[in-house]
Amino acid sequence: MSTNPSAHPAPKFSALVTGASRGIGRGIAIELAKAGGRVAINYAGNAEAATEALELVRAAGGDGFIVQGDVAVAADRERLVAETVARFGRIDLLVNNAGVAPKVRADLLDAGEESFDRLFAINLKGPFFLSQLVAKQMIAQAPDAEGFRGRIVNVTSISVYTASINRGDYCMVKAGLAMMTKLFADRLANDGINVYEIRPGVIATDMTGGVKEKYDKLILQDERGITPIRRWGKPEDIGRAVRAIAEDRFPFSTGACFDVDGGFHLQRL
Ligand code: NAP
């Protein structure tokens, strides 16, 4: 039997990652590519960043395509799923990563409805209805070599349990996303679909660019630092956790939460 060493190896899994053009989502896409996956790289408006992310995915040994779509919009969510299935034939992994912070940090007593509605739509409503669509697709597809029809990962935040009174809307919707993980985990276990929450700490991305000095001080300069592991998190840190899920390292865990936060969640005296 002849072998062609230049041939691209068969992809090990097919993933849809929302908000994969920049930051954490891009880091996830690259790690999935290193594991031999192919990735649908979703973005909202920054096509240039998405194109760059696809180049990095290819350079890392994977493949994929870019797909614009606002997760807050129903027709866009349907198109995201339809295009991914048209390209890949199936979706083994959905990563609900796309998310936004409030445009303005406002005190709890002054926070406005517009910001609340925006965060609710992008950070919670979008992931909920996208998971619904993708779960139906996964249920309809044959199990993979490990017996799974799919996996879903929700990217939440330490804001699930940390009160920040100048961005209460963000904290509340992330807490909702944590509960959503438990709900889907329970509903989908019998369908061969495991669901996980990944809870990042402070990660160096565009989202935290505006508060860099504040966190430099809290992490690096204060005597003890807010995290036992005294560095900023990197998108790659989150990517490696998602990769472990994609590679099926946690087959007997569902509804589980992984704190990828440098130990921020520890209560210390
Ligand atoms: P980021 O650097 O601001 O990147 C956001 C990504 O989401 C971009 O790819 C953006 O696409 C996409 N996006 C924004 N709105 C969207 C929408 N409506 N539909 C589809 N895609 C959309 O943010 P990040 O820091 O990587 O954050 C990623 C996730 O991690 C978020 O859910 C965030 O809440 C969470 N998180 C972040 C941190 C942190 O410290 N950075 C900590 C905990 C949790 P475009 O490029 O097209 O704009």
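Order of appearance sets the numbers: ligands from 1, and atoms from 1 within every ligand. All values reported here derive from a predicted model rather than from experimental measurement.
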Open item on the list: On a heavy-atom basis, I'd like to know which of L119, V100, N97 is closest to atom 32 (O) of ligand 1.
Closed with: N97
- [ ] Could you list which atoms of ligand 1 come closer than 4.0 Å to a heavy atom of A98?
- [x] 7 (O), 20 (C), 21 (N), 22 (C), 32 (O)
Task: Enumerated ligand 1 atoms positioned under 4.0 Å from heavy atoms of G23 - done: 2 (O), 26 (O)
Task: Minimum side-chain heavy-atom gap I193-F184 below 4.5 Å - done: no
Task: Interfacing atoms of ligand 1 (cut-off 4.0 Å, heavy-atom, N42) - done: 20 (C), 21 (N)
Open item on the list: Does E213, at its CD atom, have more than 12 non-hydrogen atoms belonging to other residues, nucleotides or ligands within less than 6.0 Å?
Closed with: no
Task: Residue pair K12, D248: steps toward the salt bridge (charged side-chain N to carboxylate O under 4.0 Å, His left out) verdict - done: CA-CA 11 Å; K12 296 204 177 108; D248 197 30; over 6 Å; no
Task: Min side-chain heavy-atom separation I219-I226 under 4.5 Å - done: yes
Task: Location of contacts on A44 toward ligand 1, heavy atoms closer than 4.0 Å - done: both
Task: Min heavy-atom dist A49 to ligand 1 below 4.0 Å - done: no
Task: ligand 1 contact by G69, heavy-atom criterion under 4.0 angstrom - done: yes
- [ ] Please indicate whether any nitrogen or oxygen in K174 is less than 3.5 Å from any nitrogen or oxygen in ligand 1.
- [x] yes
Open item on the list: Suppose I only count heavy atoms of T208 and a 4.0 Å limit; which atoms of ligand 1 are within that range?
Closed with: 39 (C), 40 (O), 41 (N)
Open item on the list: Suppose we measure from atom 27 (O) of ligand 1 to each protein heavy atom; which comes out shortest, and what is that distance?
Closed with: M207 CE, 3.9 Å
- [ ] Return the residue, atom name and 0.1 Å-rounded distance of the protein heavy atom closest to atom 11 (O) of ligand 1.
- [x] S21 OG, 3.3 Å
Task: Short N or O distance, I24 and ligand 1, threshold 3.5 Å exclusive - done: yes
Task: side chain to side chain contact (heavy atoms under 4.5 Å, CB included) between L119 and R167, worked out - done: CA-CA 10 Å; L119 264 67; R167 49 190 181 113; over 6 Å; no
Open item on the list: Using a 6.0 Å distance limit plus a 45 degree cone around the ring axis, check whether R87 lies over the aromatic ring of F65.
Closed with: yes
- [ ] Say whether N46 and S21, considering side chains only, have a donor N or O and an acceptor N or O under 3.5 Å apart.
- [x] no
Task: Closest protein heavy atom to atom 1 (P) of ligand 1, given as residue, atom name and distance to 0.1 Å - done: R22 NH1, 4.0 Å
Open item on the list: Please determine whether the number of non-hydrogen atoms from other residues, nucleotides or ligands lying under 6.0 Å from atom CZ of R240 exceeds 12.
Closed with: no
Open item on the list: Check whether R118 reaches the backbone of A101 with its side chain - one donor and one acceptor, N or O, closer than 3.5 Å.
Closed with: yes
- [ ] If the plane angle is over 60° it's perpendicular, under 30° parallel, otherwise tilted; pick one for Y161 and F264.
- [x] tilted
Task: Residues K34, E31: salt bridge by 4.0 Å N-O rule - done: yes
- [ ] Take atom CD1 of I229 as the centre, draw a 6.0 Å sphere, and report whether it contains more than 12 heavy atoms from other residues, nucleotides or ligands.
- [x] no
Open item on the list: Would N46 count as being in polar contact with ligand 1, using the rule that some N or O on each side must be under 3.5 angstrom apart?
Closed with: yes
Open item on the list: Main chain of N166, side chain of D107: is a donor-acceptor contact present, judged purely on distance under 3.5 Å?
Closed with: no
Open item on the list: Using heavy atoms and a 4.0 Å limit, tell me yes or no: is A50 in contact with ligand 1?
Closed with: no
Task: Validation row: D144, R149 side chains within 4.5 angstrom (heavy atoms) - done: no
Open item on the list: I need the atoms of ligand 1 closer than 4.0 Å to a non-hydrogen atom of D206, numbered in the order shown.
Closed with: 2 (O)
Open item on the list: Looking only at protein heavy atoms, which one is nearest to atom 6 (C) of ligand 1, and what is the separation?
Closed with: G19 O, 3.7 Å
TODO: Find all atoms of ligand 1 within a distance of less than 4.0 Å from any non-hydrogen atom belonging to Y170, and give their numbers and elements.
DONE: 33 (C), 34 (O), 35 (C), 36 (N), 44 (C)
- [ ] Could you say whether the N/O atoms of I158 and ligand 1 ever approach to under 3.5 Å?
- [x] no
TODO: Check V71 against ligand 1 and report side chain, backbone, both or neither, counting heavy atoms closer than 4.0 Å.
DONE: both
Task: Any N/O pair V202/ligand 1 closer than 3.5 Å - done: no
Task: Nitrogen or oxygen of T205 less than 3.5 angstrom from that of ligand 1 - done: yes
Task: Contact atoms of ligand 1, heavy-atom distance to I122 under 4.0 Å - done: 18 (N)
TODO: Only heavy atoms count here, so choose which of G209, A101, G45 is nearest to atom 47 (O) of ligand 1.
DONE: G45
Open item on the list: With a cutoff of 4.0 Å, is T156 in contact with ligand 1, counting heavy atoms of the residue only?
Closed with: yes
TODO: Write out the residue and atom name of the closest protein heavy atom to atom 42 (C) of ligand 1, then the distance separating them to 0.1 Å.
DONE: G201 O, 3.0 Å
Task: Contact check, V155 vs ligand 1, heavy-atom distance below 4.0 Å - done: yes
Task: Intermediate values then yes/no, salt bridge (charged side-chain N to carboxylate O under 4.0 Å, His left out), D222 and K217 - done: CA-CA 6 Å; D222 285 356; K217 182 170 181 313; 2.9 Å; yes
TODO: May I ask you to check if ligand 1 and I203 share an N or O to N or O distance below 3.5 Å?
DONE: yes
Task: Nearest-neighbour protein heavy atom for atom 5 (C) of ligand 1, which is reported as residue plus atom name and distance - done: G99 O, 4.0 Å
Task: Validation row: M138, L188 side chains within 4.5 angstrom (heavy atoms) - done: no
TODO: Fit a plane to each ring of F258 and F250, take the angle between them on a 0 to 90° scale, and name the class: parallel (under 30°), tilted (30 to 60°) or perpendicular (over 60°).
DONE: tilted
- [ ] Would you mind checking which non-hydrogen protein atom is closest to atom 18 (N) of ligand 1, with the distance to 0.1 Å?
- [x] D70 OD1, 2.8 Å
